[in-house]
Amino acid sequence: MKHKKSENFSEWYLEVVEEAGLAGYAPVKGTIYLLPYGYEIWELIRSHLDRRFRETGHRNAFLPVLIPESLLRKEAEHFKGFTPEVFWVTHSGDDPLGERLAVRPTSETLFYATFGASIKSWRELPVLVNFWNSALRAEIKSTKPFIRTSEFLWQEGHTIHATKEEAEQEVMRMLNVYREVVEEKLAIPVLAGYKSELEKFVGAVYTTTLEAVMPDGKVLQMATSHNLGQNFTVPFEVRYLGPDGQMHYAWSTSWGLSWRVIGAVIMVHGDDRGLRLPPEIAPIQVVVIPIHYRDEERAAVIEKCREVVRRLSEAGIRVHLDDRTEYTPGWKFNEWELKGVPLRAEIGPKEVEGGRVTLARRDTLTRVTVGDGELVDAVRSLLAEIQRSLYEAAKKFLLEHITEVRSLEEFSRALEEKGGFIKASYCGSRECEAAIKELTGATVRVIPFEPEPILSKCIYCGGEARVTAYFGRAY
RNA sequence: GGGGCCGUAGUCUAGCAUGGAGUGGACGCCCGGCUUGGGCCCGGGAGGUCGUGGGUUCAAAUCCCACCGGCCCCA
């Protein structure tokens with residue numbers, strides 16, 4: 001690693017992405033390709049989410065990537081919001097198309113035109129579906145791998161319900177699923193709440209969000225869950241015949257989480273040696289490094305390494321033996337630390353003779369020695385401890401980066417000096433929110449679900465404050 | 001939205017001001033040897049549309065224009 005996290009955060013981030021073997025730039029502006037190691041992290045995140053999606057009654061399905069313009073136009077606000085960043089397909093071969101086709105920026109419209117269109121009866125509700133796919137939104141300026149790319153991997157959940165109440169419960173249920181995965185698996189603590197009118201999803205009645213603070217003081221949206229009310233079901237005529245014999249418009253939600261969270265993991269947990277992966281999403285949880293000076297030691301060392309791999313593997317731990325002979329152990333230590341592997345097992349003549357294994361923690365860079373008999377238990381508890389300590393450190397950082405202010409001056413100073421979340425009260429108007437953004441670059445990130453006490457008059461207009469919100473400069 | 005910087009071997013970089021033969025360094029890669037408990041060492045070797053296109057010129061990596069791509073700062 002050439003760059004230090006504390007000195008040049010942006011360069012450091014790009015270096016980790018590249019050197020840890022996660023991703024690289026693809027030829028088209030703002031697009032990246034994922035290497036297997038990076039993709040495996042995504043697959044682990046995906047499996048954690050999939051399990052919870054299934055537990056909450058959702059099933060995975062597929063939608064195509066092309067959306068006719070007329071369909072995208074059906075919900076006016078939605079179209080207006082997305083059209084500046086839509087990629088359009090205008091030709092098939094050399095022939096111009098009669099109607100241009102949008103490369104999906106999100107799939108709401110297609111979903112209602114397909115899954116929604118067939119609904120006849122209240123007995124078919126709710127429809128609970130999730131799509132793992134990629135979406136495209138043209139990013140003209142300031143792209144960053146994972147954090148902001150023109151094409152990104154994500155999942156988008158779409159649901160249709162008979163009643164408003166059911167839809168509202170769904171929105172919260174899925175936000176909680178995200179919260180569980182982000183905090184417990186990615187080890188990133190978040191603030192949860194509503195988006196402001198200005199920041200909500202275009203076409204939503206309201207948006208709920210999870211927001212995290214990054215080490216450079218910027219804040220990052222981790223996942224969102226939207227209550228779409230009847231904003232889509234009315235223009236798309238998603239109606240059902242109820243038990244009362246009447247036709248009713250249905251209610252709907254959508255929710256999504258993208259590979260941007262991988263960017264957050266890199267930023268939040270990484271250090272000057274590279275990546276530090278929470279064990280729950282580490283493709284390799286334990287890497288085994290054989291060490292031997294003389295040829296006659298080699299066989300016994302390798303044999304013990306294989307035995308360790310076998311035992312850990314049988315215990316369900318993701319383990320890898322690095323038996324490459326072209327690199328020295330020291331070289332390998334650096335390599336796997338860069339790649340963020342949580343635990344390293346060092347096995348040499350000393351370990352063979354003493355009937356033990358040396359384990360090195362990636363998070364604290366400390367070593368412990370455990371007897372062969374306690375290996376599996378020790379690895380299990382160390383992995384759990386690493387998972388916990390990464391979360392605790394991030395939690396501490398989050399709490400230290402929430403600043404309560406009572407005036408615009410304090411607001412600007414806190415933002416400048418510390419960054420993170422600035423907790424402030426304002427009148428709740430779009431005008432003041434936009435003015436604060438214009439003046440400071442900070443936007444409303446979260447309005448807590450449980451309203452918090454009003455701290456002052458509106459920090460911008462001085463009028464009666466109605467909302468206490470968490471502001472921040474966002475990625 | 002506004003401004004700035006950059007693109008030379010797989011990677012980083014010197015060369016560009018003041019045009020003159022792809023001229024140099026580091027890492028990586030390949031071969032041989034020596035090594036292995038924190039990025040070992042020695043010897044040899046391969047690797048180039050100088051981002052793309054156009055212009056100026058006897059001559060362009062170098063000057064000019066456009067485009068593509070990357071980075072940073074401000075709002």
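Everything quoted here is computed from the prediction, not taken from an experiment. So that the names make sense, note that chain A is the first sequence line, chain B the second, and so on, each numbered from 1.
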When rounded to whole Å, the CZ to P distance for the pair A/F9 and B/C73 reads 12 Å
Inter-nucleotide C1' distance (B/C42, B/C68), Å rounded: 44 Å
A/S425 side-chain N/O to A/L455 backbone N/O, donor-acceptor pair under 3.5 Å: yes
From the set B/U36, B/G70, B/C29, return the single nucleotide nearest to any side-chain atom of A/Y327. B/C29
Are A/F449 and A/Y194 an aromatic pair by the rule of ring centers under 6.0 Å? yes
Is any NZ, NE, NH1 or NH2 atom of the basic residue among A/E346 and A/R367 found under 4.0 Å from an Asp or Glu carboxylate oxygen of the other? yes
Pairing of RNA chain B as dot-bracket, 5' to 3': ( ) intra-strand, [ ] crossing, | other strand, . unpaired, with Watson-Crick or G-U pairs under 3.5 Å? (((((((..(((((.....[..))))).(((((.......))))).....(((((..]....)))))))))))).
If I pick the P atom on B/U62 and the same atom on B/C16, what distance separates them, to the nearest angstrom? 13 Å
Base, backbone or nothing for each nucleotide of nucleotides 37-44 of chain B, written B, S, -, heavy atoms under 4.0 angstrom, 5' to 3'? BBBS----
Interatomic distance where CD belongs to A/E15 and C1' belongs to B/U11 [whole Å]: 11 Å
Under 4.0 Å, heavy atoms only, any strand: does A/I289 hit a base, just the sugar-phosphate, or nothing? nothing
What is the separation between atom CZ on A/R148 and atom C1' on B/G70, rounded to the nearest whole Å? 17 Å
In whole Å, measure the gap between the P atoms of B/U8 and B/C74 for me. 27 Å
Are A/F201 and A/H78 close enough that their ring centres sit under 6.0 Å apart? yes
When rounded to whole Å, the NZ to C1' distance for the pair A/K29 and B/U52 reads 16 Å
Take atom P in B/C64 and the same atom in B/G4, then report the distance between them in whole Å. 15 Å
State whether the number of non-hydrogen atoms from other residues, nucleotides or ligands found under 6.0 Å of A/Y460 atom OH is greater than 12. no
Checking all strands, does A/T143 fall into the base, sugar-phosphate, or nothing category for heavy-atom contacts under 4.0 angstrom? sugar-phosphate
For atom CD of A/E416 and atom P of B/C74, their distance in whole Å: 8 Å
Between A/G441 and A/K2, which is nearer to the 5' end of RNA chain B once each is assigned its nearest nucleotide? A/K2
Is it true that atom CD of A/E43 has more than 12 heavy atoms of other residues, nucleotides or ligands lying nearer than 6.0 Å? yes
With A/R344 as the cation and A/F333 as the aromatic partner, state whether NZ or CZ is under 6.0 Å from the six-membered ring centre and within 45° of the axis. yes
Between B/C5 and B/C41, how many Å separate the two P atoms, rounded to a whole number? 39 Å
Classify the nucleic acid contact of A/G24 as base, sugar-phosphate or nothing, counting any heavy atom under 4.0 Å across all strands shown. nothing
Looking only at atom C1', what distance separates B/C58 and B/A17, rounded to whole Å? 23 Å
Write down the distance between CD1 (A/I302) and P (B/U36), rounded to a whole number of angstrom. 15 Å
Pairwise 5' ranking along RNA chain B for A/P145 and A/T440, keeping only the more 5' one: A/P145
Write down the distance between CD (A/E11) and P (B/C5), rounded to a whole number of angstrom. 17 Å
P spacing across the pair B/U13 / B/G51, given as an integer number of angstrom: 13 Å
Exam field: side chain A/R104 to backbone A/P64, donor-acceptor pair closer than 3.5 Å: yes
Please determine if A/K195 and A/E211 form a salt bridge, counting it only when a charged side-chain N lies under 4.0 Å from a carboxylate O. yes
Could you tell me how far B/C65 sits from B/A60 if I compare only their C1' atoms? Round to whole Å. 15 Å
Rounded off to whole Å, could you give me the CD-to-P distance for the A/E326 and B/G33 pair? 15 Å
Would A/K332 and A/Y327 count as a cation-pi pair here, with the cationic atom under 6.0 angstrom from the ring centre and within 45° of the axis? no
Does A/R466 have more than 12 heavy atoms from other residues, nucleotides or ligands lying within 6.0 Å of its CZ? no
